[in-house]
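Here, residue 1 is the first one in the sequence, and each next residue gets the next number. Remember, it's 1-based here, ligands and their atoms both numbered in the order they're listed.
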Amino acid sequence: CLHNGGTFAPLDHWPGIKPDVAIQAVPDDERVWVPQAPQVGFRPLLFNTTTGSWCNLLRVRKSGELSRHIHPAWVTGYVIKGAWRYLEHDWVAREGSFVYEPPGEIHTLVVDEVAGVPEMITHFNIHGAMVYLDDEGNHTGYEDVFTKIEMCRKHYHEVGLGADYVDQFIR
Ligand code: FE
């Protein structure tokens, strides 16, 4: 049944709920990009430590590669700029493309001759973890919301933004 005539309390009524986020996604300050691998960096947007999810921009420059990994949970992405592909698939994600990756998906992201651009930026939403794999499928490492936060802390300390610069993205 419907409950009519109730009132909603404003969000600040609820203890411990942190505020909304409204930020310029592609930063003017290059230091906001966190290096991840040669020609690969990410820009944190949201770290949800309750659900273990995170939102970030991934930037890959030619001929960068995000090494082979499996996603135990689903991933979505929206290409803001440029183009890229997975070595394991025959499609190319281009500016304006939406991408869904099902749980269990294994792939290697590249910006190469096929993509045909100098740089891509994609907004990815990731849940749980990324587990890195070697060519035989052995686990070689992982990332989750907490390792991403630690990467940011270390980088922002080193570049002078301060380790606590990352706190604004944590919920
Ligand atoms: Fe992936």
Side-chain angles (χ1 to χ4, degrees), residues 21 23-27 30-156 159 165-166 168-171:
V21 175
I23 52 175
Q24 181 181 324
V26 178
E30 178 63 24
R31 297 176 301 170
V32 176
W33 291 98
V34 181
Q36 162 128 7
Q39 307 288 75
V40 179
F42 71 94
R43 185 276 200 258
L45 294 169
L46 178 67
F47 290 122
N48 190 325
T49 58
T50 302
T51 62
S53 306
W54 68 99
C55 307
N56 64 193
L57 301 185
L58 185 71
R59 184 178 69 186
V60 181
R61 292 177 164 151
K62 194 180 174 187
S63 306
E65 174 178 308
L66 186 62
S67 56
R68 190 164 182 260
H69 57 274
I70 183 169
H71 292 279
W74 63 306
V75 173
T76 55
Y78 176 77
V79 184
I80 294 174
K81 176 187 180 186
W84 54 269
R85 71 187 185 103
Y86 291 128
L87 296 180
E88 293 82 358
H89 293 293
D90 60 5
W91 47 262
V92 176
R94 300 189 184 282
E95 186 172 312
S97 292
F98 170 79
V99 173
Y100 165 67
E101 306 168 13
E105 165 80 7
I106 297 174
H107 52 225
T108 311
L109 190 156
V110 296
V111 172
D112 62 1
E113 298 296 338
V114 177
V117 297
E119 174 183 291
M120 77 81 159
I121 297 175
T122 298
H123 176 207
F124 278 113
N125 302 291
I126 301 153
H127 312 277
M130 299 171 60
V131 180
Y132 290 91
L133 304 174
D134 66 16
D135 290 342
E136 282 77 47
N138 300 302
H139 305 177
T140 58
Y142 77 96
E143 295 190 289
D144 65 12
V145 70
F146 302 107
T147 67
K148 299 305 278 190
I149 289 170
E150 282 309 305
M151 282 179 76
C152 292
R153 281 199 200 291
K154 184 168 183 293
H155 171 72
Y156 292 143
V159 297
Y165 186 82
V166 71
Q168 64 187 296
F169 311 121
I170 301 174
R171 291 295 182 273

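The side-chain contact (heavy atoms from CB on, under 4.5 Å) check on Lys62 picks up Val111, Glu113, with sequence neighbours excluded.
By the 30° and 60° cut-offs, the orientation of the rings of Tyr165 relative to Tyr156 is perpendicular.
Ring centroids of Tyr86 and Trp91 are separated by less than 6.0 Å, placing the two rings close together.
Within the structure, every pair that satisfies the salt bridge (charged side-chain N to carboxylate O under 4.0 Å, His left out) test and touches residues 75-87, not counting sequence neighbours, is listed here: Lys81-Glu119, Arg85-Asp112. Applying the salt bridge (charged side-chain N to carboxylate O under 4.0 Å, His left out) definition to pairs two or more places apart or across chains, none involves residues 98-109.
Protein contacts to the Fe ion (ligand 1) involving N, O or S atoms at a distance below 2.8 Å are His69 NE2, His71 NE2, His107 NE2.
Using a 3.5 Å distance cut-off with no hydrogens or angles, the side chains of His107 and His71 do pair a donor with an acceptor.
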